[in-house]
Amino acid sequence: MTERLYISSARARAAALVDRDRIIAAMETAMVSLLLGAIAGMSTFVFVQGQFTPAVVESWHAIGPIVVAGLLNRLLSRNLRNGMLISFLAVALAFVINFTVWLAPLWLSGYSWFAVNILLPVLLGRSLLSVIIVLPMSYYSGYFTAMFLMPSSRR
Amino acid sequence: MSEGGPPTANGLPLAATIALILTFVLTASMFVPTAVGFVSYDQVQTAEMTVERIDVADDGEMLLLSIAFANPTIETVDVVGAELYARVDGDIVNHIAGVRADQATVPTGETRRFHVRVPIRDGQVDRVQQALDSGNLVFSGNIWVEVSNERRTVDLERSSHD
């Protein structure tokens, strides 16, 4: 009993000592996930809705940044576990970005609630179908390529 | 720290961090015009196109419509064409193929007027003149617009004039 209390308080003291480092590491992970997810999400949208891009950009060019985001995921993560966490967060954010932009016209164009009720599931389904293959395939091909080329973790 | 070059202040490798930010900026510069075009393409169908004035030219064989277009989108919209029907008592009285719209570029949130030339069919000139005087002439149809190089049609408000 005494021993357990001692251990737990020692753990607590150790945890308090490394708290600052852990917070910084968590913030790093969050920032990297945020930026990688934004890159992947925006690129996927450009790839899917390529007819609206400026004429100099072909829609397939937008695959590039998704793969680069996967490569950078490997370079900017501490270890395998941290890298996978970042990739999950980034891909989830990329999906959310695509849903948001697909659904934005429902409110910006001022549809009636009746039209929104009909269109919301349709647009959600279309946006999911349009990104569910290209986004994870491109992102993880970049990530796994980097992992193959750089098998040892960065730090 | 063997790979990825020297670290930044917070421990991330400098080269990879710079690459991350550059890729983000590049992607955002592709994404913003695409998203603006996507939203505007949907928004433009809520535009109100109203016939403001009708001028008669060529001894009544040509009508010049002045149409006001208030751009409701977040992107510049180009007017590129028109498909209009002028009706008197339900009969179409214009040459459909001869309808021509002036090119017009309408910036975000602004209203511009453009002209559409509507040629009248042979033998219908007198009827159109009477309908103009009595307010029986009814216009309907579409205006063709381009948003981010994508074409789409906008309904002309069904309108009669006196």
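Here the structure is a predicted model, which is why all the values come from computation and not from measurement. Naming: A, B, ... by sequence-line order, numbering from 1 per chain.
Both the backbone and the side chain of A/V46 come within contact range of chain B, judged by heavy atoms closer than 4.5 Å. Heavy-atom distances place both the backbone and the side chain of B/Q43 under 4.5 Å from chain A. Interface residue A/V68: only side-chain heavy atoms are found under 4.5 Å from chain B. For B/T46, the part lying under 4.5 angstrom from a heavy atom of chain A is the side chain only. Contact annotation for B/E75: neither backbone nor side-chain heavy atoms come within less than 4.5 Å of a heavy atom of chain A.
Within the 4.5 Å cutoff, the side chain of A/T53 has no heavy atoms near those of the B/P33 side chain. Between B/F38 and A/V48, every side-chain heavy-atom pair lies at or beyond the 4.5 Å cut-off. Side-chain contact between B/L20 and A/I39 is present, with heavy atoms from C-beta onward closer than 4.5 Å.
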Let me see the working for B/F24 and A/L34 under side-chain contact (heavy atoms from CB on, under 4.5 Å), right down to the final yes or no.
CA-CA 11 Å; B/F24 178 80; A/L34 204 69; over 6 Å; no
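Within 6.0 Å of atom CG in B/N149, 12 or fewer heavy atoms from other residues, nucleotides or ligands are found, so the atom counts as exposed in its surroundings. Remark: B/E110 CD is packed, more than 12 non-hydrogen atoms of other residues, nucleotides or ligands lying under 6.0 Å away.
Rounding to the nearest 0.5 Å gives a distance of 11.0 Å between CG of B/L12 and CG of A/L72. Summarising the geometry, atom CD belonging to A/E28 is positioned 8.5 Å from atom OG1 belonging to B/T17; distances are rounded to the nearest 0.5 Å. Remark: A/F47 CZ to B/T34 OG1 distance equals 13.0 Å, nearest 0.5 Å.
In terms of hydrophobic clustering, with Ile, Leu, Val, Met, Phe, Trp and Tyr side chains grouped at heavy-atom distances under 4.5 Å, A/I86 and A/M137 are assigned to a common cluster.
In terms of heavy-atom proximity, A/F45 sits nearest to B/A35 at CE2-CA, 3.8 Å. Here the shortest heavy-atom pairing between B/P13 and A/L75 reads CG-O, 3.6 Å. Of all heavy-atom pairs between A/M42 and B/T27, the closest is CB-CG2, 3.7 Å.
The candidate with the highest count of non-hydrogen atom pairs below 4.5 Å against chain A, out of B/T73, B/V39, B/V44, B/I21, is B/V39.
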